[in-house]
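Quick note on labels: first sequence line is chain A, next is B, and so on, each numbered from 1. Quick note: numbers below take in every heavy atom, side chains included, and nothing from hydrogens, waters or symmetry partners.
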Amino acid sequence: MGMCSRKVYSVPVGPYHPALEEMAFYKVYVEGERIVDALIKPGFNHRGIEKLAMKRSYRRNVQLFERVCGICSAAHTTAYCVAVERCLKIDVPKRAQYIRAVQAEANRIHSHLLWFGVAMHVIGFDTLFMHSWAIREDILDVVETLTGNRVNYSVNTIGGVRRDITPEMGKYILEKLNKVEKGTKYLIRAVKEDLTIKARTKEVGVLTKEEARKYCDVGPTARASGIEEDVRRADPHINYEDFDFEVCVEDTCDVYARIMVRLREALESIKIVRQAIKNLPKGPLMAELTVPRPNEDIGRTEAPRGELIYYIKSNYTNVPERVKLRTPTFVNLPSTKPMLIGDKLADAPQIIVSIDPCLSCNDRVIIIDVRTGKEKTMLLDEIIRRKGKVW
Amino acid sequence: MCGLLCKLAAWARKKSPWIFHLPAGGLCNGCDIEIVAALTPRYDVERFGILLAPSPKHADILVVAGQVTKHTKERLLRVYQQVPEPKAVVAVGSCAISGNVFGTENYPLAGTVDQFIPVDVYVPGCPPKPEAIILGIVEAIKKLEGETRKS
Amino acid sequence: MKVNILKEAAKYFVKPATVPFPAVQPHFPKKFRGPPRYDPETCIGCGACAHVCPSDAITVTTKDGKKILEVWFGKCTFCARCEEACPVDSIKLMEIYSTPSPNKFDFVSRVEHDMVKCRICGKYFATVKHVEWIIKNVREKMGETVSISELKNYLMTCPECRHKVENVPSFRKLLMRVLVKEVK
């Protein structure tokens, strides 16, 4: 049987699919069980946020950008506020920066635990999904006490923060963090010991270091491919230089590595929150605001999914002239393609989930892949051969 | 015979309504994760028999979050048509009710959920607490019950 | 390994993670951000809340000499900026969760105010309570330097007419006195 006679079938996944938490359309081309090509069409969640932002004042935009994504809402407001503060030359007091760090890290812990639960659900391990979400409720209690809401924090504002951490609150948070730490360590142990998880995740969805560099991956996806990069180190925008933490890197490049990176990062975040609450400096919560002048600047932060960039251009009004976002999913999403190619169809959901796609973040731009990807059997066989996998 | 079967179906539906979770487009995921949080150990709606169905064809209640974008409009209608009668729709969150910060005039947005499909219960909040979502589903069950009686 | 499984199983018999929700009401932390409500007693109808609202959930309408402030928390972002902006702490975010309803216009808290007419052009422009509140505050700050009647004369004039303050000598006098006091 010649190579050409093999038939390529396309399997549409989405936009509403039980394996996907959000709507996105994947067209997966399969040859037998093995995936040979993939086409991604996001854009169902496009809301025109950048356009809206150009009509509202700087302060009112904070609440808008918080709703770019409900899972990493703290990261979005932090990056936006940092960008505006750099642009308008506002010096934020240290206490406010520490409170920002606390909520950003609490956000990271909650996001990683959420992701871990979803990843476990996708590989069919629902017990750990429930465990991880039960642990996550504790960190949500922390967030609720800190900010007054479970998902949208609304604490950051231009020039500072709107809520203080009182000593009782600090005590309560530390108490809850002990619980979360215990839970996260339990999850790590479960992942390390359980054979089912290893079987479903090891050597699945491999993204080599070179490919990760080529696709410009960011955040945990890049760190799981052995690239040591972290905005908290490179650009310590909210006093991250004061905290002692480790940048977690794994070099097995597969889904398993991405799980381990995220869980270890959650532990590092707990460390940061503890340090921030312990050494919370005294001082005001808000800086004095300045009058907008024509200027431009970027603010970036390490969102739970990777590097998040905001670009602001100001003029003489209190409305930004241009706001541009670059979310981590936007960079990471194309790299699902090299991960998918050569793997089995049954592994597709966990590979797609493994980059933690936050499509509500991503869908500010409508990308349509113009590649038709039709009967290119010969070429795709070459790809498989290059990956060194025998079919 | 049919009467008995209908009664049995109505009883089963009341005791165990299946929900289908449908993010309708313009939303931030906040409501989605709160709907999923309602299924997890802290709130555990499965103790009431409420189950997340993987397909709209198995569902009794449609839980819609977020407002409708032009991209998802047709798919929303298609999913709604796939849900068998009697059905109820719960709109969760400010976006589903009114559009929230995104408004309704922006170019990618088609409108709020109730402009396209009939909504039975609204749950306000940004996002609503899981408790409120549970109460919303309970309201929808009451509506389902009434409808079965009528038929 | 088996011992571990048994241990885990035993834990879940002892301490359930589930909260008995409908029987026990959930715990709300201090300053939880629930649905906003107006206190009609204290509200002065200045409209500061509508000005800062990020999602335009608060609307101010004037009709037949009445000013109606309405917060529709079906559109609210629950950010508490109205609470921050309110000068008299009238609008408050309740520490409860919002209950669902089949009618989306149930989620409304509204407050109505009588308005005052402009002394010169006869147009409705501000609420009675707002003017009273300003008078009270100015008196507190300025002491007896300005008399109530003088202040009322000034405040009962709509902004457009007040722009012609140069033409009204009594206003000029009043403003000069206030300014001098402030400089001191």
Taking it one step at a time, do A:Lys55 and B:Glu105 satisfy salt bridge (Lys or Arg N to Asp or Glu O under 4.0 Å)? CA-CA 12 Å; A:Lys55 293 182 201 159; B:Glu105 286 92 52; over 6 Å; no
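- Contact annotation: the side chain of B:Leu109 never approaches that of A:His46 to less than 4.5 Å [non-hydrogen atoms, C-beta and beyond].
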| message | Show, in sequence, the C-alpha distance, side-chain angles and deciding distance for B:Val101 and A:Phe65, and conclude whether the side chain to side chain contact (heavy atoms under 4.5 Å, CB included) test is met. | response | CA-CA 10 Å; B:Val101 275; A:Phe65 285 121; over 6 Å; no
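- For a residue to count as touching a neighbouring chain, one of its non-hydrogen atoms must lie under 4.5 Å from one of that chain's; by this rule A:Arg56 touches chain B with the side chain only.
- Contact of the A:Leu52 side chain with the B:Tyr107 side chain is not registered, since no non-hydrogen atoms from C-beta on lie closer than 4.5 Å.
- The backbone N or O of A:Ile49 lies less than 3.5 Å from no partner atom in the side chain of B:Asn106, so there is not a single donor-acceptor pair.
- In this structure, CZ in B:Arg42 is found 4.5 Å from CG in A:Asp141, a value given to the nearest 0.5 Å.
- Summarising the geometry, atom OG1 belonging to B:Thr72 is positioned 8.0 Å from atom CG belonging to A:Asn45; distances are rounded to the nearest 0.5 Å.
- Of the listed residues B:Leu52, B:Leu39, B:Thr69, the one with more heavy-atom pairs under 4.5 angstrom with chain A than any other is B:Thr69.
- Atom CG of A:Leu114 is separated from atom CG of B:Asn29 by 9.0 Å, given to the nearest 0.5 angstrom.
- To the nearest 0.5 Å, atom CH2 of residue A:Trp133 and atom CG of residue B:Asp44 are 13.5 Å apart.
- Paired with B:Cys28 under the rule side-chain contact (heavy atoms from CB on, under 4.5 Å), one option of A:His76, A:Arg67, A:Glu66 passes, and it is A:Arg67.
- In terms of non-hydrogen atom pairs under 4.5 Å with chain A, the most contact-rich of B:Gln67, B:Lys70, B:Glu34 is B:Glu34.
- Here the closest non-hydrogen pair linking B:Ala37 and A:Arg136 is CB-NH1, 4.4 Å.
- A 6.0 Å sphere centred on CD of B:Glu74 holds no more than 12 heavy atoms belonging to other residues, nucleotides or ligands.
- Residue A:Asn149 comes nearest to B:Cys126 through the heavy atom pair ND2-O, 3.4 Å, listed as atom of the first residue, atom of the second, then distance.
- The minimum heavy-atom distance between A:Arg47 and B:Pro108, with the atom names listed, is C-CG, 3.4 Å.
- Nearest heavy atom pair, residue B:Gly30 against residue A:Val151, reads CA-CG1, 3.8 Å.
- Counting heavy-atom pairs closer than 4.5 Å to chain A, the top-ranked of the candidates B:Pro127, B:Cys31, B:Ala53, B:Gly125 is B:Pro127.
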